[in-house]
There are 2 protein chains.
Amino acid sequence: MNTRIQRRNRRLILDAALDVFSAHGFRGATLDAIARQAGLSKPNLLYYFDSKEAIHRALLDDLLETWLEPLRAIDPAGEPAAEIMAYMRHKLRMARDYPRESRLFANEILQGAPRLSDFIASELRALVEDRARLIAAWVAQGRLAPVDPMHLIFSIWALTQHYADFDAQIRLIRPQGDPMQGAEAFLTTLYNRLLAP
Amino acid sequence: MNTRIQRRNRRLILDAALDVFSAHGFRGATLDAIARQAGLSKPNLLYYFDSKEAIHRALLDDLLETWLEPLRAIDPAGEPAAEIMAYMRHKLRMARDYPRESRLFANEILQGAPRLSDFIASELRALVEDRARLIAAWVAQGRLAPVDPMHLIFSIWALTQHYADFDAQIRLIRPQGDPMQGAEAFLTTLYNRLLAP
DNA sequence: ACCAGAGTTGACCAACCAGTCAAGATTCTT
DNA sequence: AAGAATCTTGACTGGTTGGTCAACTCTGGT
């Protein structure tokens, strides 16, 4: 039927909710704040989503596929260092272009991952283990310097997401200019030196 | 006068508050939860601290000195790579031994650093700029490989705090054994290869 | 043993919270 | 133009929250 208004309002709500949830965490966010940000009334929010929980759930569901994709895109047939470098750059670009999503995820993990433990313990874990095996094979073939594959993956997550999650801190320490200026060059150097066999 | 009961209860409250604030953020934490965790009544909490805000403030004040100290301890007269490596190991040990403090800090930054902007923009910023100049001088003398000093410091923060802040994720991905197993070896390798001139 | 001050708490309050509902406004279809 | 379906919201509810207060108990010094 009339899906134009529905689509527009759902998008307004999810966009506002991403602002509020990523800035305050689940418990710290309020429906009033989301409604105000979306320019809708609170009962109207609950006309489109069953509950506060359901809005949050919808945001996470949107996010999770996006989160897996770059890691999945590492090509076993590619050149090892180049593949890992491309993964790092992909994650860094995501931190720059989708900082709210990164902070939503970080808030969730920081608070014990209550709503993500299923996803992490099943899909993400399986994918990480698979990619770790691939990297271990590359190391065994002498095509990468010897590194612990799991820690290598964690390091890429830590270094790239840091620019989104700790953006407030970086801006206060380097008030002039773009907080991410030089980040890609620095990380490229770092992983070039780490991975060269 | 009688400071024994006061000291004991203040410590109980701050310890419980650290649990609750680090797990839920400021807005997500409740005085009831802190009181329950501390084994005291809610009015009793407010006998020792003026408000929820005051408890949080007290935790942050305790934390901030501890946060600066390792960075301050980098010795301009020392051997460059060894000094930076020692700093990294110091931060990693703090992430292992004081994960709640790390998460309290992370929650605060993630939510825009509303209560830390003064500290970051003044004391932390001045110290970071000073240490960045020191590292830049070491690079200029050819005693370190050329790296952006600011990004080097950020990378140490990101990589070490990640093990505390994203502990829940790491545990779910590697359920067997200590989440920090191998972390020190990995980071030592990483910074050895990055910094060798 | 006494009491002044320190420590403690049940009962309470006003503000805020997620969520409901019935009634009204708008839009779509014919 | 009109009826049906969709969309919107003011007013409300029951529960939670930070914080208050008067009354109570406990402790240490004499």
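Per chain, numbering begins at 1; letters A, B, ... match sequence-line order. In what follows, every heavy atom counts, from backbone to side chain, and hydrogens, waters and symmetry copies are set aside. Treat the numbers as computed from the prediction; the structure is a model and nothing was measured.
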Undergrad: Distance check: side-chain N/O of A/Asn9 vs OP1/OP2 of D/dT8, anything under 4.0 Å?
TA: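 Result: yes.
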Undergrad: Students often get this wrong, so: under 4.0 angstrom with heavy atoms, is A/Phe49 touching a base, only sugar-phosphate, or nothing?
TA: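 Answer is nothing: A/Phe49 stays at 4.0 Å or more from every strand.
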Undergrad: Please tell me which of the listed nucleotides, D/dT17, D/dG19, C/dT8, lies nearest to the side chain of B/Ile5?
TA: C/dT8
Undergrad: Just call it for A/Ala29: base, sugar-phosphate, or nothing, with non-hydrogen atoms closer than 4.0 Å on any strand.
TA: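 The residue A/Ala29 makes sugar-phosphate contact but no base contact.
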Undergrad: Report the C-alpha separation of B/Tyr191 and B/Ser155 in whole Å, then their side-chain angles, then the decisive distance to 0.1 Å, and conclude whether the side-chain hydrogen bond (donor to acceptor under 3.5 Å, both in side chains) test is met.
TA: CA-CA 10 Å; B/Tyr191 283 108; B/Ser155 77; 2.7 Å; yes
Undergrad: Using a cut-off of strictly less than 4.0 Å, decide whether B/Arg4 has a side-chain nitrogen or oxygen near OP1 or OP2 of D/dC26.
TA: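 No, B/Arg4 has no side-chain N/O under 4.0 Å of OP1/OP2 on D/dC26.
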Undergrad: Choose from D/dG28, D/dT8, C/dT8 the nucleotide whose nearest atom is closest to any side-chain atom of A/Arg8.
TA: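 Selected nucleotide: D/dT8.
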Undergrad: Can you check whether B/Asn44 has a side-chain N or O nearer than 4.0 Å to OP1 or OP2 of C/dG7?
TA: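 No, because none of the side-chain N or O atoms of B/Asn44 sits under 4.0 Å from OP1 or OP2 of C/dG7.
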Undergrad: With a distance cut-off below 6.0 Å to the six-membered ring centre and an angular limit of 45° from the axis, does A/Arg103 pair with A/Phe166 as a cation-pi contact?
TA: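 Geometry flag: not set, cation outside 6.0 Å or 45°.
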Undergrad: So, does A/Tyr47 get its side chain near the phosphate of C/dC21, meaning an N or O under 4.0 Å from OP1 or OP2?
TA: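 Checking A/Tyr47 against C/dC21: no side-chain N or O falls below 4.0 Å of OP1 or OP2.
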Undergrad: NA contact type, A/Leu31, heavy-atom cut-off 4.0 Å: base, sugar-phosphate, or nothing?
TA: sugar-phosphate
Undergrad: Nearest to the side chain of B/Arg27, which nucleotide is it out of C/dC17, D/dT9, D/dT17?
TA: C/dC17
Undergrad: Look at the side chain of B/Lys52 and decide which nucleotide, out of C/dT20, C/dC17, D/dG19, has an atom nearest to it.
TA: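 Of all the options, the side chain of B/Lys52 is nearest to D/dG19.
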Undergrad: Look at the side chain of A/Leu46 and decide which nucleotide, out of C/dG19, C/dT8, D/dT8, has an atom nearest to it.
TA: C/dG19
Undergrad: Taking the minimum atom-to-atom distance to the side chain of A/Pro43, which one of D/dT9, C/dA18, D/dG18 wins?
TA: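 Looking only at side-chain atoms, A/Pro43 lies closest to D/dT9.
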Undergrad: Is the Lys NZ or Arg CZ of A/Lys52 less than 6.0 Å from the centre of A/Phe26's six-membered ring, within 45° of the axis?
TA: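 Output yes; distance and angle both within limits.
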Undergrad: In terms of side-chain heavy atoms of A/Gln6, which of C/dA11, D/dC7, D/dT8 is nearest?
TA: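 Looking only at heavy atoms from C-beta outward on A/Gln6, the closest nucleotide is D/dC7.
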